[in-house]
Engineer: 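After the structure tokens below, expect a handful of questions from me.
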There are 2 protein chains.
Amino acid sequence: MAKAARKYLDAADREQQILEFAIDFVAQRGLRFTTRELADALGVSQPLLYRYFKNRDDLLQKIYDEVYLKRWDPGWNELLADRSLSIRERLVRYLTAYTEAILDERWIRIFIASALEDPQITKKYLGLLHETTFPLIFAEIAVEAGVPVPSGPQADELALEIVWGFHSSFFYMGVRKYIYRNKIPDDLDPIIRARVEVFVAGLVESMPHLGQFLPETEVGR
Amino acid sequence: MAKAARKYLDAADREQQILEFAIDFVAQRGLRFTTRELADALGVSQPLLYRYFKNRDDLLQKIYDEVYLKRWDPGWNELLADRSLSIRERLVRYLTAYTEAILDERWIRIFIASALEDPQITKKYLGLLHETTFPLIFAEIAVEAGVPVPSGPQADELALEIVWGFHSSFFYMGVRKYIYRNKIPDDLDPIIRARVEVFVAGLVESMPHLGQFLPETEVGR
DNA sequence: CACGGAAATTATCAAATGATAAATTATCAC
DNA sequence: GTGATAATTTATCATTTGATAATTTCCGTG
């Protein structure tokens with residue numbers, strides 16, 4: 001309350017306030033915003049932004065850092081590896097946590113907008129999925145299916161693609177909601193459970209025969 | 001050759017040339033391009049653009065029309081309904097054609113950029129999928145599974161979500177390639193076949209039990 | 001080959017924009 | 001309360017930008 005009445009904020013508070021506001025603002029308006037639009041919407045003068053941020057790009061960089069950092073929970077991979085739970089249950093819990101983290105207007109819109117502008121910005125985040133989470137999911141389902149994880153570059157690639165397809169469908173719900181502005185169901189739990197069921201059942205069923213989809217090159221090796 | 005040497009093109013030719021060039025240009029630079037950048041890159045003067053396009057927004061609108069129109073083949077739905085082929089084969093053929101149509105840098109990047117700017121632009125295209133193609137796919141797999149298509153709003157929604165998840169994974173390959181700039185496999189055929197196999201097998205297997213994922217409300221009705 | 005009309009460029013504007021410097025106002029310590 | 005200090009605003013610039021008007025260049029036709 002004392003803070004709210006003040007006109008002159010402490011530098012640290014003002015910087016944080018601008019940053020938080022800018023995140024929402026940029027999520028709505030996209031990267032074409034002007035510094036004046038932002039300052040007007042926040043109710044401060046435009047040059048004030050330059051007291052806290054070196055320039056427009058510096059502000060954007062801070063926005064990216066703030067949005068992307070601290071959304072990734074390293075505990076997720078441990079959860080996926082915890083064999084005291086069924087693989088279906090692990091996937092449901094992981095995806096529930098994951099969708100909760102990313103189904104956020106600011107996260108989705110800034111993620112896509114920044115990737116469109118410069119793919120480097122999102123590279124680190126995507127690498128985490130691609131190199132750690134996806135192989136783990138595939139391997140755990142292989143255990144469930146009772147077959148050895150297929151090896152070889154072609155088989156690895158196919159496995160990754162299968163998991164990509166599954167996993168991306170959850171991110172894509174965010175795209176549908178916050179970019180296409182489609183309605184998506186309020187309660188995601190049944191959808192997560194149904195998709196997990198379809199995916200695990202299908203992959204357990206077909207994993208023994210996935211080799212048939214590989215090019216011949218690897219067969220004789 | 002006669003056309004190539006001319007400095008003063010026919011109005012219709014010049015308009016087409018600018019439009020084609022602008023599509024590539026906007027796909028790369030995004031919507032933040034300036035009219036001068038565009039004109040310079042094409043090698044004409046900036047005011048020339050205003051001879052052919054009323055203003056910047058008019059050019060953008062023409063770009064959207066050109067990119068979105070004529071990419072949708074109405075024959076796709078007929079193909080999906082053709083029971084002389086197995087459902088797996090139909091899906092493989094449909095998805096092969098579909099991915100070929102949309103795995104295009106200009107299409108993907110302009111689609112996402114325009115949706116980010118104004119979701120109205122992509123609404124018609126998405127409606128086609130949501131209202132026609134998706135229910136059809138689900139119904140055909142129900143036939144394959146030998147069960148009646150579940151009915152009721154909750155069941156419809158769940159069915160749509162399941163197909164959304166599957167179908168979007170192909171569009172998402174375009175996002176990965178042209179927005180994230182990730183490498184994706186050159187040969188998509190094995191991936192399409194494997195994903196179709198996993199999906200159909202999983203859905204056939206689990207469709208009889210999908211009711212368990214519905215909220216209780218519908219059970220007693 | 002000249003001449004008329006269409007196509008294109010040059011010149012130019014007013015508004016918008018990122019950024020800086022100078023002046024002003026609030027807040028705190030004493 | 002008063003003055004020092006930090007926070008904020010006002011004033012201002014140089015560029016950039018979308019758009020228009022005036023001028024010039026090309027090209028087919030008689």
Side-chain angles (χ1 to χ4, degrees), chain A residues 1-64 110 113-114 117-118 121, chain B residues 1-64 110 113-114 117-118 121:
Chain A
M1 205 217 78
K3 287 275 178 67
R6 292 178 60 92
K7 299 195 73 165
Y8 284 27
L9 300 189
D10 282 354
D13 290 346
R14 180 69 86 185
E15 178 170 349
Q16 192 60 27
Q17 182 206 34
I18 294 175
L19 191 56
E20 290 289 340
F21 188 90
I23 287 172
D24 278 315
F25 189 80
V26 172
Q28 313 287 344
R29 315 274 286 232
L31 297 176
R32 299 179 65 193
F33 77 98
T34 71
T35 56
R36 272 183 184 75
E37 288 172 344
L38 171 60
D40 286 352
L42 178 54
V44 299
S45 68
Q46 178 250 0
L48 188 65
L49 303 179
Y50 288 84
R51 181 175 180 83
Y52 297 101
F53 304 95
K54 199 164 158 291
N55 51 41
R56 190 177 176 282
D57 277 345
D58 179 50
L59 171 60
L60 276 176
Q61 192 55 54
K62 298 243 166 70
I63 288 174
Y64 298 146
I110 291 179
S114 66
E117 186 94 350
D118 175 7
I121 297 167
Chain B
M1 204 218 75
K3 287 277 177 64
R6 292 177 59 92
K7 300 194 74 166
Y8 284 28
L9 300 189
D10 282 355
D13 290 346
R14 181 69 86 185
E15 178 170 351
Q16 193 61 27
Q17 182 206 32
I18 293 175
L19 191 55
E20 290 290 338
F21 189 90
I23 288 172
D24 278 315
F25 189 81
V26 172
Q28 312 289 345
R29 317 273 288 230
L31 296 176
R32 298 179 66 196
F33 77 98
T34 71
T35 56
R36 272 183 183 74
E37 287 171 344
L38 171 60
D40 286 352
L42 178 53
V44 299
S45 68
Q46 178 250 359
L48 187 64
L49 303 179
Y50 289 84
R51 181 175 178 84
Y52 296 101
F53 304 94
K54 200 163 159 292
N55 51 42
R56 189 177 177 281
D57 277 344
D58 179 49
L59 171 60
L60 275 176
Q61 192 55 52
K62 298 243 167 70
I63 288 175
Y64 298 146
I110 290 179
S114 66
E117 186 94 349
D118 175 7
I121 297 167

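Quick note on labels: first sequence line is chain A, next is B, and so on, each numbered from 1. Computed from a prediction, not measured in an experiment: that's the story for all the values here.
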Engineer: So, applying side-chain hydrogen bond (donor to acceptor under 3.5 Å, both in side chains) with B/D58, which one of B/K62, B/Q61, B/R56, B/K54 is it?
Structural biologist: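 Testing each of B/K62, B/Q61, B/R56, B/K54 against B/D58, the sole residue satisfying side-chain hydrogen bond (donor to acceptor under 3.5 Å, both in side chains) is B/K62.
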Engineer: Compare side-chain N and O positions of A/R14 against OP1 and OP2 of D/dA7 and report whether any pair is under 4.0 Å apart.
Structural biologist: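 No, A/R14 has no side-chain N/O under 4.0 Å of OP1/OP2 on D/dA7.
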Engineer: Donor-acceptor pair, B/N55 side chain versus B/D57 backbone, under 3.5 Å?
Structural biologist: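 Yes; at least one donor-acceptor contact below 3.5 Å.
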Engineer: CD of A/Q46 versus C1' of C/dG18: gap in Å, rounded?
Structural biologist: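 Atom CD in A/Q46 sits about 7 Å away from atom C1' in C/dG18.
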Engineer: Nearest-Å distance, OH (A/Y8) to P (D/dA7)?
Structural biologist: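 Between P of D/dA7 and OH of A/Y8: 11 Å.
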Engineer: Might you point out which heavy atoms bring B/I110 and B/I23 nearest each other, and give the distance in Å?
Structural biologist: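 Looking at all heavy atoms of both residues, the closest pair is CD1-O, 3.6 Å.
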Engineer: Minimum heavy-atom separation for B/I18 to B/Y52, with atom names?
Structural biologist: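 In this case the closest contact between B/I18 and B/Y52 is CD1-CD1, 3.7 Å.
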Engineer: Which atom names give the shortest non-hydrogen contact between B/A113 and B/L31, and what distance separates them?
Structural biologist: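 Shortest heavy-atom separation between B/A113 and B/L31 comes out as O-CD1, 3.6 Å.
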Engineer: How close do B/E37 and B/R32 get, heavy atom to heavy atom, and via which atoms?
Structural biologist: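 Result for this residue pair: OE1-O, 4.5 Å.
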Engineer: State whether B/R6 places a side-chain N or O below 4.0 Å from either non-bridging phosphate oxygen (OP1 or OP2) of D/dG28.
Structural biologist: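 For D/dG28, OP1 or OP2 has a side-chain N or O of B/R6 closer than 4.0 Å.
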Engineer: For B/L38 and D/dT17, give me the distance from atom CG to atom C1', rounded to whole Å.
Structural biologist: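 The answer, rounded to whole Å, is 14 Å.
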Engineer: To the nearest angstrom, how far is A/L48 atom CG from C/dA21 atom C1'?
Structural biologist: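 That distance rounds to 15 Å.
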Engineer: Report the distance from atom CG of B/L49 to atom P of C/dT10, rounded to the nearest whole Å.
Structural biologist: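 Atom-to-atom, B/L49 to C/dT10, this comes out as 14 Å.
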Engineer: Once you round it to whole Å, what is the distance between C1' of C/dA6 and NZ of B/K7?
Structural biologist: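 About 16 Å, once rounded to whole Å.
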Engineer: Does NZ or CZ of A/R14 fall inside the cone over A/Y8's six-membered ring, less than 6.0 Å from its centre and within 45° of the axis?
Structural biologist: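 No, a cation-pi geometry is absent between A/R14 and A/Y8.
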Engineer: Strictly below 4.0 Å, heavy-atom distances to any atom of DNA chain C: list the hits from residues 28-37 of chain B, or just say none.
Structural biologist: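 By residue number: B/R36.
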Engineer: Could you give the CG-to-P distance, from A/D40 to D/dT9, as a whole number of Å?
Structural biologist: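 Taking CG of A/D40 and P of D/dT9, I get 11 Å after rounding.
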Engineer: So which heavy atom on B/A39 is nearest to which on B/L49, and how close?
Structural biologist: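 B/A39 and B/L49 have their closest heavy atoms at CB-CD1, 4.2 Å.
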Engineer: Specify the residues of residues 50-61 of chain A, ordered by number, for which at least one heavy atom lies under 4.0 angstrom from an atom of DNA chain C.
Structural biologist: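 Correct list: A/Y50, A/N55, A/R56.
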Engineer: What closest approach, in Å, do A/F25 and A/A41 show between heavy atoms, and which atom pair accounts for it?
Structural biologist: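 Closest approach of A/F25 to A/A41: CE1-CB, 3.6 Å.
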